[in-house]
Amino acid sequence: MATLNFAGTEENVVTREEFPLSKAQEILKDEVVAVIGYGVQGPGQALNQRDNGINVIVGQRKNSKSWDKAVQDGFVEGKTLFEIEEALEKGTIICYLLSDAAQIALWPTVKKHLTAGKALYFSHGFGITYNDQTGIVPPKDVDVFLVAPKGSGTSLRRMFLQGRGLNSSYAIYQDATGKAFDRVISLGIAIGSGYLFETDFKREVYSDLTGERGTLMGAIQGIFAAQFETLRKNGHSPSEAFNETVEELTQSLMPLVAENGMDWMYANCSTTAQRGALDWWKKFRDATLPVFSDLYASVAAGKEAKRSIDSNSQKDYREKLDAELKELRESEMWQAGKTVRSLRPENQEPA
Ligand SMILES: NC(=O)c1ccc[n+]([C@@H]2O[C@H](COP(=O)([O-])OP(=O)(O)OC[C@H]3O[C@@H](n4cnc5c(N)ncnc54)[C@H](O)[C@@H]3O)[C@@H](O)[C@H]2O)c1
Ligand SMILES: CC(C)(O)[C@@H](O)C(=O)O
Ligand SMILES: [Mg+2]
Ligand SMILES: [Mg+2]
């Protein structure tokens with residue numbers, strides 16, 4: 001475990017250098033890792049573990065798109081791909097990667113198969129932290145921990161294939177066997193994490209729900225929409241509004257931020273741009289701070305969990321989500337974006 005200094009605060013981080021894959025393979029050599037659910041995280045984590053030489057099986061409902069995807073990805077029925085209950089029985093480590101709402105419905109079945117010494121693994125602090133709403137209370141004689149990749153399962157797989165790792169959080173909720181630390185870190189390495197940052201279940205889920213509703217997904221779309229609308233109302237064309245709101249950000253400026261921070265991105269723009277950005281960023285911060293405070297309070301009060309559980313437990317939740325995504329896709333901003341993206345060299349038809 002390395003202790004690193006993050007802007008003056010010391011934090012524990014596990015690195016691949018001190019905990020190499022060979023050590024993870026040795027620790028997991030007698031385990032059967034059952035990945036339950038093959039949606040977004042399931043494929044990323046199962047495929048990376050398989051490629052890393054871990055004994056991994058997938059449990060998924062038959063006659064579903066996710067089952068077919070697992071078959072396409074090379075999992076073999078009866079050998080490495082099973083109905084959920086069979087996989088639960090075979091697994092010594094259960095990676096519970098159904099959607100958070102589906103985890104509630106299946107919990108009684110999972111619990112039945114959590115015999116002494118097994119481990120229950122999550123990629124989110126949700127089920128345990130909000131157990132007054134989820135009913136997920138594991139038996140005392142199993143290990144319970146999480147590895148939460150800080151990004152999409154799609155990125156976890158892509159970065160693994162590029163030889164890079166995605167940062168993940170890890171936390172131990174219950175150490176029944178005395179092996180929970182070795183098990184959780186080994187899994188973290190095996191699923192393709194680059195670095196593993198220590199947290200607890202509550203802090204993981206509070207920060208995760210805030211982040212995805214905030215700057216990572218909700219706030220960014222909100223601020224894009226507000227600027228696009230302002231430019232359009234003032235007579236700017238859709239392409240101009242899109243280029244100045246999204247395309248320049250994703251293609252030119254965010255890669256610079258990713259590389260070396262905000263000040264460095266600023267320093268690579270004109271002094272005119274820097275003057276304006278330095279004057280205006282605090283106004284945007286002050287305008288949004290109350291919204292972020294409301295958001296965090298809603299997360300901490302369990303209201304975001306309740307909303308997610310209530311909406312995702314409905315039979316037609318998928319159709320409803322698809323309809324809302326369609327509305328976003330068909331908005332003027334993202335339709336303009338479609339044409340702008342088609343102009344990128346990689347998207348051009350060869351002549
Ligand atoms: N999506 C991500 O990239 C991501 C990132 C970090 C953490 N997580 C966490 O990982 C976990 C899995 O998330 P996900 O986005 O991969 O899930 P998902 O929404 O893609 O669903 C996963 C699987 O659940 C199955 N499923 C849905 N309802 C079911 C039911 N009633 N019975 C049986 N199976 C059912 C689906 O077939 C699918 O294979 C969650 O705890 C999530 O918060 C996800
Ligand atoms: C990929 C995210 C947004 O980080 C994850 O938290 C999720 O819920 O999908
Ligand atoms: Mg999340
Ligand atoms: Mg997240």
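Just the heavy atoms: all of them, side chains too, but no hydrogens, waters or symmetry mates, feed the values below. Just follow the structure's listing: the first ligand is 1, and inside any ligand the first atom is 1. Position 1 is the first residue of the sequence, and the numbers go up from there.
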Asks: Among the heavy atoms of Ser155, does any lie under 4.0 Å from an atom of ligand 1?
Replies: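 No, Ser155 has no heavy atom closer than 4.0 Å to ligand 1.
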Asks: For atom 25 (C) of ligand 1, what's the nearest protein heavy-atom neighbour? Residue, atom name and distance, please.
Replies: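 Going atom by atom, the protein heavy atom closest to atom 25 (C) of ligand 1 ends up being Leu98 CD2, 3.7 Å.
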Asks: What protein heavy atom is closest to atom 44 (C) of ligand 1, reported as residue, atom name and distance in Å?
Replies: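 Result for atom 44 (C) of ligand 1: Gln41 CG, 3.3 Å.
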Asks: For ligand 1, indicate whether the residue Ser66 contacts it via side chain, backbone, both or neither (heavy-atom separation under 4.0 Å).
Replies: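 Only the side chain of Ser66 comes within reach of ligand 1.
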Asks: Could you please tell me which protein N, O or S atoms lie under 2.8 Å from the Mg ion (ligand 3)?
Replies: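 Short answer, with waters excluded from the count: Asp208 OD2, Glu212 OE1.
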Asks: Calculate, to the nearest 0.5 Å, the distance between atoms CZ and CD1 belonging to Arg61 and Ile36 respectively.
Replies: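 Going from the CZ atom of Arg61 to the CD1 atom of Ile36 covers 12.5 Å.
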Asks: When you check the gap from the basic side-chain N to the acidic O, do Arg157 and Asp51 get nearer than 4.0 Å?
Replies: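 Result for this pair is yes, salt bridge flagged.
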Asks: Please determine if Lys320 and Glu324 form a salt bridge, counting it only when a charged side-chain N lies under 4.0 Å from a carboxylate O.
Replies: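 No salt bridge links Lys320 with Glu324.
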Asks: How far is atom 21 (O) of ligand 1 from its nearest protein heavy atom, and which residue and atom is that?
Replies: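 So the nearest neighbour among protein heavy atoms is Ser99 N, 3.5 Å.
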Asks: In this structure, does ligand 1 have an atom that sits under 4.0 Å from one of the heavy atoms of Tyr38?
Replies: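 Contact check Tyr38 vs ligand 1: positive.
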Asks: Taking only heavy atoms of Gly39 into account, list the atoms of ligand 1 that are under 4.0 Å away from them.
Replies: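 Counting atoms of ligand 1 from 1, those under 4.0 Å from Gly39 are 20 (O), 22 (C), 23 (C), 38 (C), 39 (O).
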Asks: I need the nearest protein heavy-atom contact for atom 37 (O) of ligand 1: residue, atom name and distance, please.
Replies: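 Ranked first by proximity to atom 37 (O) of ligand 1 is Gln60 NE2, 3.1 Å.
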Asks: Could you tell me whether Lys90 sits above the aromatic face of Phe82, with NZ or CZ closer than 6.0 angstrom to the six-membered ring centre and within 45 degrees of the axis?
Replies: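 Yes, Lys90 lies over the aromatic ring of Phe82.
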Asks: What protein heavy atom sits nearest atom 22 (C) of ligand 1, and how far away is it?
Replies: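 Ranking protein heavy atoms by distance from atom 22 (C) of ligand 1, first comes Leu97 O, 3.4 Å.
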Asks: Does the side chain of Glu212 reach to within under 4.5 Å of the side chain of Leu209, using non-hydrogen atoms?
Replies: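 Yes, at least one pair of side-chain atoms sits under 4.5 Å.
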Asks: Tell me: protein heavy atom nearest atom 15 (O) of ligand 1, and distance?
Replies: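 Of every protein heavy atom, Val40 CB, 3.9 Å lies nearest to atom 15 (O) of ligand 1.
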Asks: Please could you name the atoms of ligand 1 that His124 approaches to less than 4.0 Å, counting only its heavy atoms?
Replies: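 Those atoms are 41 (O), 43 (O).
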Asks: Please identify which atoms of ligand 1 are closer than 4.0 Å to at least one heavy atom of Pro149.
Replies: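 It comes down to these atoms of ligand 1: 6 (C).
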Asks: Students should be able to answer this: which protein heavy-atom is nearest to atom 3 (O) of ligand 1, and at what distance?
Replies: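 Protein heavy atom with the smallest distance to atom 3 (O) of ligand 1: Gly153 N, 2.8 Å.
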Asks: Have a look at Ala102, Ala148, Cys95 and point out the one with the heavy atom closest to atom 28 (N) of ligand 1.
Replies: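 Looking at heavy atoms only, Ala102 sits closest to atom 28 (N) of ligand 1.
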Asks: Decide whether a cation-pi geometry holds between Arg232 and Phe242; the criteria are a distance under 6.0 Å from NZ or CZ to the six-membered ring centre and an angle within 45° of the ring axis.
Replies: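 So Arg232 doesn't make the cation-pi contact.
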Asks: Between Ile220 and Thr215, which heavy-atom pair has the shortest distance, and what is it?
Replies: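 Scanning both residues completely, I find the closest heavy atoms to be CB-O, 3.4 Å.
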Asks: Can you check side-chain hydrogen bond (donor to acceptor under 3.5 Å, both in side chains) on Tyr38 and Asp73, steps first, answer last?
Replies: CA-CA 11 Å; Tyr38 206 75; Asp73 288 347; 2.6 Å; yes
Asks: Using distance alone, determine whether Asp100 and ligand 1 share an N or O pair under 3.5 Å.
Replies: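 Yes: some nitrogen or oxygen of Asp100 is under 3.5 Å from one in ligand 1.
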Asks: Regarding Glu77 and Lys62, does a basic nitrogen lie under 4.0 Å from an acidic carboxylate oxygen?
Replies: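 Here Glu77 pairs with Lys62 in a salt bridge, since their nearest N and O are under 4.0 Å apart.
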Asks: Could you tell me which atoms of ligand 1, counted from 1 in the order shown, lie closer than 4.0 angstrom to a heavy atom of Ser123?
Replies: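 Checking each atom against Ser123, I get 7 (C), 9 (C), 10 (O).
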Asks: Does anything in residues 277-329 form a ring-ring contact (aromatic ring centres under 6.0 Å, His included)? List the pairs, not counting sequence neighbours.
Replies: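 Residue pairs passing ring-ring contact (aromatic ring centres under 6.0 Å, His included), neighbours aside: Tyr206-Tyr296.
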Asks: Scan side-chain atoms only and decide if Glu304 and Ser298 contain a donor-acceptor pair under the 3.5 Å cut-off.
Replies: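 Judged by distance alone, the side chains do pair up.
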Asks: If you round to the nearest 0.5 Å, how far is CD1 of Ile104 from CD1 of Ile309?
Replies: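 Reported value, rounded in 0.5 Å steps: 4.0 Å.
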Asks: With a 4.0 Å cut-off on N to O distance, would you call Lys23 and Glu18 a salt bridge?
Replies: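 Glu18 and Lys23: not salt-bridged.
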Asks: For atom 26 (N) of ligand 1, grab the closest protein heavy atom and report residue, atom and distance to one decimal in Å.
Replies: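 Minimum-distance protein heavy atom for atom 26 (N) of ligand 1 reads Arg61 NH2, 3.6 Å.
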Asks: Just to verify, which of Tyr121, Phe122, Phe126 counts as forming a ring-ring contact (aromatic ring centres under 6.0 Å, His included) with His124?
Replies: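 By the ring-ring contact (aromatic ring centres under 6.0 Å, His included) criterion, His124 pairs with just one of Tyr121, Phe122, Phe126: Phe126.
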Asks: Salt bridge check, Asp68 against Lys65: does any charged N sit closer than 4.0 Å to a carboxylate O?
Replies: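 No salt bridge links Lys65 with Asp68.
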Asks: Out of all atoms in ligand 1, which are within 4.0 Å of some heavy atom of Gln103? Include the element for each.
Replies: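 Atoms satisfying the 4.0 Å criterion: 41 (O).
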Asks: Work out whether the distance between some heavy atom of Lys65 and some atom of ligand 1 is less than 4.0 Å.
Replies: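 It does not; every heavy atom stays at 4.0 Å or beyond.
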